[in-house]
S.K.: 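One structure, pasted below without further comment.
Just so we're clear, the structure is a prediction, and the values are computed from it rather than from any experiment.
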Amino acid sequence: GVYQFQNYELKDGGEEEEVTIHNVEEYIDATINFALYTGVAKQLEALRNGFCTVFPLEKLGSFTPQEVRTMLCGDQSPVFSREDIFKYTEPKLGYSKDSPGFIRFVNVLEKMNSSERK
């Protein structure tokens, strides 16, 4: 099965119990607990351990949540100038910084707003 679960009883003897109007809230709570906690605990622990091999979690206290987000996801509103594009972009496949195609590319990038640049 997916994530090593062939089946999973949400409570002892639950396989033999029907969901009714009288126990539906208990069923929903148990399902949510499984979906958000029990069912993904191994995967989250593996993610945490892997992340910690690269960057120990106790070191994250030095950063704000926004700084951590930027480190993990990158800048979500990039700002760059025409000069930046020329400085940090290296044309390939026969193009040079003087090629009409590359200059058109720079013109398009320059006119994009931050959400388009993402």
S.K.: Is there a donor-acceptor pair closer than 3.5 Å between any side-chain N or O of Ser99 and the backbone N or O of Gly101?
M.R.: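 No, the answer is negative, given that no donor and acceptor are paired below the 3.5 Å cut-off.
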S.K.: Does Glu15, at its CD atom, have more than 12 non-hydrogen atoms belonging to other residues, nucleotides or ligands within less than 6.0 Å?
M.R.: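 Open: at most 12 neighbouring heavy atoms sit under 6.0 Å from CD of Glu15.
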S.K.: Can you tell if the side chain of Thr38 reaches within under 4.5 Å of the side chain of Tyr8, non-hydrogen atoms only?
M.R.: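 Contact flag for Thr38/Tyr8 side chains = yes.
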S.K.: Would you say Thr70 and Glu67 make side-chain contact, with heavy atoms under 4.5 Å?
M.R.: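 A side-chain contact is absent here, since even the closest heavy-atom pair is not under 4.5 Å.
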S.K.: Rounded to the nearest 0.5 Å, what separates atom CZ in Arg82 from atom NZ in Lys111?
M.R.: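 Rounded to the nearest 0.5 Å, the CZ-NZ separation comes to 9.0 Å.
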S.K.: Taking only residues at least two apart or on different chains, which pairs with a member in residues 86-107 satisfy salt bridge (Lys or Arg N to Asp or Glu O under 4.0 Å)?
M.R.: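 Applying salt bridge (Lys or Arg N to Asp or Glu O under 4.0 Å) to every pair that reaches into residues 86-107, excluding sequence neighbours, yields nothing.
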S.K.: Is a donor on one side and an acceptor on the other found under 3.5 Å between the side chain of Glu116 and the backbone of Asn113?
M.R.: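 Judged by distance alone, yes, a pair lies under 3.5 Å.
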S.K.: Within the 4.5 Å heavy-atom criterion, are Leu72 and Val68 side-chain neighbours or not?
M.R.: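 Counting from C-beta outward, Leu72 and Val68 do come under 4.5 Å.
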S.K.: According to side chain to side chain contact (heavy atoms under 4.5 Å, CB included), who are the partners of Ile32, at least two apart in sequence or on a separate chain?
M.R.: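 Ile32 satisfies side chain to side chain contact (heavy atoms under 4.5 Å, CB included) with Ile28, Leu36 only.
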S.K.: Short question: side chain of Asn23, backbone of Glu18 - any donor-acceptor pair under 3.5 Å?
M.R.: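 Yes, Asn23 side chain to Glu18 backbone: donor-acceptor pair under 3.5 Å.
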S.K.: Suppose we screen for salt bridge (Lys or Arg N to Asp or Glu O under 4.0 Å). Which residues come up paired with Lys11, at least two apart in sequence or across chains?
M.R.: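 Per chain and number, Lys11 pairs via salt bridge (Lys or Arg N to Asp or Glu O under 4.0 Å) with Glu17, Glu26.
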S.K.: When rounded to the nearest 0.5 angstrom, what distance separates CD in Glu25 from CD1 in Ile21?
M.R.: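 Interatomic distance, Glu25 CD to Ile21 CD1, rounded to 0.5 Å: 8.5 Å.
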S.K.: Please check if the side chain of Asn33 supplies one atom and the backbone of Ala30 the other of a donor-acceptor pair under 3.5 Å.
M.R.: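 No, Asn33 side chain to Ala30 backbone: no donor-acceptor pair under 3.5 Å.
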S.K.: Answer yes or no: does atom CG of Asn49 have more than 12 heavy-atom neighbours from other residues, nucleotides or ligands under 6.0 Å?
M.R.: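 Counting neighbours around CG of Asn49, more than 12 heavy atoms of other residues, nucleotides or ligands fall under 6.0 Å, so yes.
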S.K.: Which heavy-atom pair separates Tyr95 from Phe102 by the least distance, and what is that distance?
M.R.: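 Closest pair (atom of Tyr95, atom of Phe102, distance): CD2-N, 4.2 Å.
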S.K.: What about Phe86 and Phe80, are their ring centers closer than 6.0 Å?
M.R.: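 No; Phe80 has its ring centre 6.0 Å or more from that of Phe86.
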S.K.: When you group the ILVMFWY residues by side-chain heavy-atom contacts below 4.5 Å and let the links chain together, are Tyr37 and Tyr27 in the same group?
M.R.: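 Hydrophobic grouping puts Tyr27 with Tyr37.
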S.K.: Under the side-chain contact (heavy atoms from CB on, under 4.5 Å) rule, what do Leu47 and Gln43 come out as? Steps first, then yes or no, please.
M.R.: CA-CA 6 Å; Leu47 175 66; Gln43 292 81 1; over 6 Å; no
S.K.: Please name the pair of heavy atoms, one in Ile85 and one in Thr89, separated by the smallest distance, quoted to 0.1 Å.
M.R.: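 Heavy-atom minimum between the residues: O-OG1, 2.7 Å.
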S.K.: Please answer: with hydrophobic residues joined when any side-chain heavy atoms are less than 4.5 Å apart, are Leu10 and Val24 in the same cluster?
M.R.: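 Cluster IDs for Leu10 and Val24 match.
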S.K.: Grab the two heavy atoms, one from Cys52 and one from Leu57, that are nearest each other, plus how far apart they are.
M.R.: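 Closest heavy-atom pair between Cys52 and Leu57: SG-CG, 3.5 Å.
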S.K.: Could you walk me through whether Asn107 and Ile103 pass the side-chain contact (heavy atoms from CB on, under 4.5 Å) check?
M.R.: CA-CA 6 Å; Asn107 291 339; Ile103 292 172; 3.9 Å; yes
